[in-house]
Structures are given as C-alpha cells and as structure tokens.
Amino acid sequence: MADPKGFLTTGREVARTRPAEERVKDWNEVYVPGSLLPIISKQAGRCMDCGIPFCHNGCPLGNLIPEWNDYAYREDWTAASERLHATNNFPEFTGRLCPAPCESACVLAINQPAVTIKNVEVSIIDKAWDSGDVTPQPPERLSGKTVAVIGSGPAGLAAAQQLTRAGHTVAVYERADRIGGLLRYGIPEFKMEKSHINRRIEQMRAEGTKFRTEIEIGRDIDAAKLRKRYDAVVIAAGATVSRDLPVPGRELNGIHFAMEYLPLSNKVQEGDLTVSPISAEGKHVVVIGGGDTGADCVGTAHRQGAASVTQLEIMPKPGEERAAHQPWPTFPMLYKVTSAHEEGGERVYSVSTTHFEGDEDGNVQFLHLIEVEFKGGKLEQKPGTERKIPAQLVTLAMGFTGTDQENGLVEQFGLELDERGNIARDADFATNVPGVYVAGDAGRGQSLIVWAIAEGRSAARGVDRMLTGASDLPAPIRPTDRALTV
C-alpha cells in the first residue's frame with residue numbers, strides 16, 4: 001500500500017483547466033499543462049490497495065491500478081509505465097477520453113470521493129513519453145502469416161499492435177485520409193490533441209505495422225478478394241451509422257449528424273481546410289443528444305463563435321449523487337459538467353423535438369419541442385408545453401445504430417448479424433466466415449474506448465491462436481461481457 005493514511009489525509013484533487021474565456025479562443029487541450037505532476041503522487045497515495053480491487057471490475061482492460069498507483073506514489077515512473085502498458089496499448093487515449101468506470105467502482109468511492117485513477121493514468125503515460133520510456137517493440141521473429149485489419153479506431157489499432165508484436169505481418173485499412181478513426185475525426189482537438197495519435201502511429205510503424213489510408217473495404221476493394229489475400233481479417237469498422245431524427249423539416253439545410261459536423265472542424269486543425277463548411281459562427285446552435293458526442297458539438301460551436309448553444313436531452317436531468325437503484329460499484333448515471341458545458345450554453349432536459357421550421361430558402365430557423373415524461377415505462381408528451389427555439393444550425397448527436405452495411409462489406413464477406421444488427425461472433429471473436437474476426441463497436445455496438453481496446457486485444461488472441469495453434473496474448477474480455485450496470 002503506497003500511503004497507509006493517504007485516503008484519510010489527502011483530499012481528491014483533479015487536473016486544473018484553463019479559464020473558459022481563454023480556451024474557447026483556441027483548440028488546445030483544456031487542461032493547464034503540467035498541472036498534474038506536482039499533485040499526482042499524493043493523489044496516487046489515496047489508493048488503498050484493496051484486497052479485492054473493484055476498480056478492476058469497472059475497467060474491462062483489467063488495468064493493474066493499485067500497482068501503478070503505488071509506483072506513481074513512489075515516483076518510479078518507469079515501473080509505473082510498464083505496469084500501465086501491461087494491460088493497455090494506448091493509456092494516453094483512455095487517460096483523456098474514458099469516462100473512468102474504474103473510478104465509479106473504486107472502493108474508496110463507497111463513502112468518499114474516488115481516487116483520481118484517470119489523472120494518474122495520463123500522468124504516467126505523459127511522463128513515459130517525455131522520459132523516452134515508450135519505445136517500439138518489434139517482434140523477435142516473423143510468423144510468415146498475414147493479417148488485414150479493417151478500421152483504425154482504438155479496437156483496430158489495439159488488435160494490429162498485438163498481432164504485429166506476436167510476429168504476424170499486419171496491414172491496417174482505413175477509409176479516411178488519416179489513421180485514427182473516430183479518435184482522429186470524431187474527437188475534437190480540445191479533448192485530445194492529435195499529436196498523441198501521431199506518435200503512437202509512428203511507434204506502430206517502427207514495430208512493423210503497415211497502414212493503408214483512403215481505402216474502403218467493400219467499395220475500393222472487394223471484401224471477398226481481401227479475404228483471399230490474407231491469412232486472417234479483423235473487422236474493426238466501428239458502429240458508424242448515426243441515429244436519425246425522422247420528424248417534419250428534417251430535410252432543411254443546416255441539420256447535420258454530429259459526425260458530419262465534427263470531422264470538418266478537425267480537418268481545419270489538420271490544415272486541410274481554412275474554414276469549416278459547416279460552421280456555427282454567428283448562429284443559434286441546437287445540439288440534440290446529451291452524451292459525450294453532444295458535449296463535443298457544444299465545445300466546437302463555442303470555438304466557432306456561435307451566437308448561442310442549446311443542448312437538448314430527452315431523458316430527465318440526472319442527479320449529482322448515486323441514485324438508490326444504482327449502487328456502488330455500478331457505473332451510475334450522474335449529472336456531468338464537461339469542459340464544454342463550463343464554457344457556456346443551456347442544457348434542457350425531458351424534451352422531444354416535434355418538427356423543424358425553415359425560411360423560404362429552405363434553411364432551418366427554428367426547432368419546435370415539447371416536454372416529455374415517463375409514465376409506466378412509456379414516454380409521454382405533456383400537452384400545453386410546446387414551444388420553439390431559434391436554430392440555425394442543428395447537430396444530431398443521438399448515438400449510433402450499427403456498422404455500415406451500405407458499403408458492401410457485410411454482404412461481400414457473407415457475414416451473419418446478431419439480433420441487434422451487429423456482426424455476430426463466437427467466443428474467440430470469430431465470425432461465421434472462416435478466418436474473419438470482428439472487434440469493437442462493429443460486434444459489440446456503440447460502447448466506450450476502454451471496451452474497444454479490450455475487444456481489440458481479445459480478438460487478437462483469437463486470431464493468433466487460429467494462425468499458430470496457441471497464443472500467449474491476453475484476452476481481457478469475452479464477447480458477451482458487459483459493463484457493470486443495473
């Protein structure tokens with residue numbers, strides 16, 4: 001145990017953010033650079049090294065949290081990095097983007113603020129990069145086997161890195177112009193600067209992974225032909241079909257999916273565009289959807305100079321403390337104030353959009369909504385609560401419904417789907433097509449980044465075992481495992 005009295009003598013302290021009025025003027029990460037390192041050792045000392053560390057239950061990666069907390073407390077950053085990488089290929093991604101279910105399951109959180117596990121994690125990996133502790137790990141020998149990975153999000157990258165290190169020759173196919181999937185074009189720069197992706201890609205190149213961009217399997221290359229070219233294929237194409245809102249006026253100009261809106265602002269930061277073709281500048285913006293993607297749209301709109309930003313959520317406003325029906329160590333639904341919400345805007349709960357209203361040129365101008373409530377498990381509208389709000393740019397951030405089937409990938413492979421429309425797989429993450437595996441949201445459905453990395457690692461083991469007859473690669477989860485919820 002790092003500090004036997006740490007949880008009694010030290011209060012929870014998290015990373016400081018830059019002033020909102022400052023950070024909305026740029027696209028840099030919102031946190032004060034270097035603010036964590038002076039406090040993080042004491043924060044790590046709050047870890048109690050529990051006999052049964054329930055943080056492991058919260059994290060599907062099985063991160064060795066008490067171990068690297070202990071090393072961080074002692075400022076043995078090299079050992080902390082080694083323990084961190086033992087279970088997680090990309091801790092700089094999860095340390096910035098994961099909602100930290102490990103903290104919800106922290107034993108200390110039963111009656112005190114949880115250990116700042118996420119902050120400790122990102123401090124360790126940032127220190128490791130700065131110290132040169134993160135180096136390529138090429139295989140000692142090659143197997144002679146080849147693997148194609150379709151998709152370069154966290155699941156695809158994790159599978160590719162694991163299989164490359166196991167000695168297989170791996171090529172990653174990405175339909176976008178840069179590697180990273182939603183990490184690259186779905187996550188705004190102010191949440192994670194893309195330099196973190198770039199240096200991981202360079203590490204993977206040095207290890208031997210090949211990358212093929214601007215190639216969409218199903219359209220540019222027939223999936224069946226790809227299967228014949230490689231000994232195995234891992235599909236990690238994500239769940240990229242956005243949930244739509246089929247109400248009157250949906251066809252008006254100015255209504256876009258979040259994944260039409262966010263990538264363009266990222267392309268501006270990459271230098272591909274001077275100004276985003278879909279900009280919030282001077283407009284009244286409405287974001288439909290109360291999750292993290294919706295918050296990303298809110299923060300992006302602030303930086304583009306929106307006249308106002310309103311975020312709508314059909315569900316009631318969550319409480320700030322655990323509800324009785326969401327006991328520890330489950331992941332509770334709590335009221336979250338993200339960095340984007342700190343920057344301004346209005347959040348409206350328990351409302352549903354009835355229709356959009358446009359001008360004579362076909363541009364959206366207003367959004368009509370009505371209050372709703374749940375009665376007997378059903379959502380009902382409340383008569384007399386109709387109103388309209390100005391809306392010159394609307395982003396739909398209501399989640400995703402499944403993997404893309406229009407590009408031909410599913411049909412050309414001949415893949416079977418499960419009852420939820422995801423690609424079906426067995427206990428080894430194998431599909432019904434011999435040699436074809438699936439990892440991440442394409443098989444699980446929309447989920448968190450930690451689950452994507454865990455899926456990629458687990459699918460890699462299944463592929464490695466099929467190719468060689470046995471595997472020493474870890475498999476932290478099964479395809480049927482789910483988050484600890486109620």
Side-chain angles (χ1 to χ4, degrees), residues 2 36-37 40-41 44 47 53 55-56 58-98 100 102 115-140 152-168 170 172 179-180 183 192 195-209 439 448-461 464 471-477:
L36 271 177
L37 209 55
I40 209 62
S41 291
C47 178
C55 53
H56 289 195
C59 179
L61 284 167
N63 282 334
L64 306 173
I65 295 166
E67 294 186 31
W68 43 256
N69 273 332
D70 182 58
Y71 286 123
Y73 171 73
R74 303 177 193 283
E75 299 189 6
D76 187 344
W77 302 109
T78 299
S81 173
E82 187 277 326
R83 290 287 79 194
L84 192 57
H85 281 102
T87 58
N88 187 352
N89 298 72
F90 314 117
E92 65 270 39
F93 301 166
T94 53
R96 287 172 167 83
L97 304 175
C98 181
C102 54
V115 175
T116 56
I117 299 171
K118 181 176 172 179
N119 281 182
V120 177
E121 177 182 30
V122 78
S123 298
I124 294 171
I125 183 56
D126 285 353
K127 183 71 172 177
W129 278 108
D130 292 342
S131 303
D133 287 334
V134 184
T135 58
Q137 299 179 34
E140 294 182 358
S152 66
L157 291 179
Q161 187 169 62
Q162 293 292 95
L163 289 167
T164 297
R165 290 176 174 178
H168 309 303
V170 180
V172 178
I179 295 297
L183 290 172
M192 187 180 74
S195 58
H196 301 297
I197 303 176
N198 296 340
R199 61 187 179 185
R200 274 296 176 186
I201 298 306
E202 290 310 307
Q203 180 201 35
M204 292 179 66
R205 287 188 199 277
E207 292 171 348
T209 304
L448 303 178
I449 183 172
V450 282
W451 284 94
I453 296 174
E455 288 243 345
R457 290 170 66 87
S458 298
R461 177 183 172 88
D464 187 39
S471 180
D472 293 327
L473 294 178
I477 60 170

Revision key, fill the gap. Contacts of E75 meeting salt bridge (charged side-chain N to carboxylate O under 4.0 Å, His left out) (sequence neighbours excluded), chain-then-number -> none
Point to revise | Results of salt bridge (charged side-chain N to carboxylate O under 4.0 Å, His left out) for E82 - residues two or more places apart only | key: none
Give the minimum heavy-atom separation between [X] and [Y], together with the two atoms involved.
{"X": "W77", "Y": "S41", "value": "CZ2-OG, 4.1 Å"}
{"X": "A166", "Y": "D464", "value": "CB-OD1, 4.0 Å"}
{"X": "P136", "Y": "A206", "value": "CG-CB, 3.5 Å"}
{"X": "A72", "Y": "V120", "value": "CB-CG1, 4.0 Å"}
{"X": "V134", "Y": "H85", "value": "CG2-CE1, 4.1 Å"}
{"X": "L64", "Y": "A86", "value": "CD1-CB, 4.3 Å"}

Among all residues two or more places apart in sequence or in another chain, which pass the side-chain hydrogen bond (donor to acceptor under 3.5 Å, both in side chains) test with [X]?
{"X": "H196", "value": "E29, R96, R199"}
{"X": "Q161", "value": "N89, Q203, E207"}
{"X": "Q137", "value": "none"}
{"X": "S195", "value": "none"}

Practice item. Test side chain to side chain contact (heavy atoms under 4.5 Å, CB included) on V170 and M204 and set out the steps. Key: CA-CA 10 Å; V170 180; M204 292 179 66; over 6 Å; no
A side-chain contact here means heavy atoms from C-beta on lying under 4.5 Å apart; do [X] and [Y] qualify?
{"X": "T78", "Y": "S131", "answer": "no"}
{"X": "P139", "Y": "H168", "answer": "no"}
{"X": "L37", "Y": "D126", "answer": "no"}
{"X": "L157", "Y": "T209", "answer": "no"}

Check your understanding: Does the S471 side chain pair with the main chain of L473, one donor and one acceptor, at a distance under 3.5 Å?
Key -> yes
Check your understanding: Can any side-chain N or O of S81 pair as donor or acceptor with the backbone N or O of I125 at less than 3.5 Å?
Key -> no
Got a sec, which residues hit side chain to side chain contact (heavy atoms under 4.5 Å, CB included) with [X], two or more places apart in sequence or on another chain?
{"X": "A475", "value": "S458, R461"}
{"X": "A79", "value": "Y71, D76"}
{"X": "T94", "value": "N88, P91, C98, E121, I449, V450, I453"}
{"X": "C55", "value": "P53, I65, P66, C102, I117"}

Nearest-0.5 Å distance that lies between atom [atom1] in [X] and atom [atom2] in [Y]:
{"X": "L36", "Y": "N119", "atom1": "CG", "atom2": "CG", "value": "4.5 Å"}
{"X": "E202", "Y": "I179", "atom1": "CD", "atom2": "CD1", "value": "11.0 Å"}
{"X": "C47", "Y": "E67", "atom1": "SG", "atom2": "CD", "value": "10.0 Å"}

Practice item. Would you list the pairs meeting salt bridge (charged side-chain N to carboxylate O under 4.0 Å, His left out) in which at least one residue belongs to residues 84-93, sequence neighbours left out? Key: E92-R200
Exercise for review: Dump the intermediate steps for side chain to side chain contact (heavy atoms under 4.5 Å, CB included) on I40 and I124, then the final yes or no.
Suggested key: CA-CA 9 Å; I40 209 62; I124 294 171; over 6 Å; no
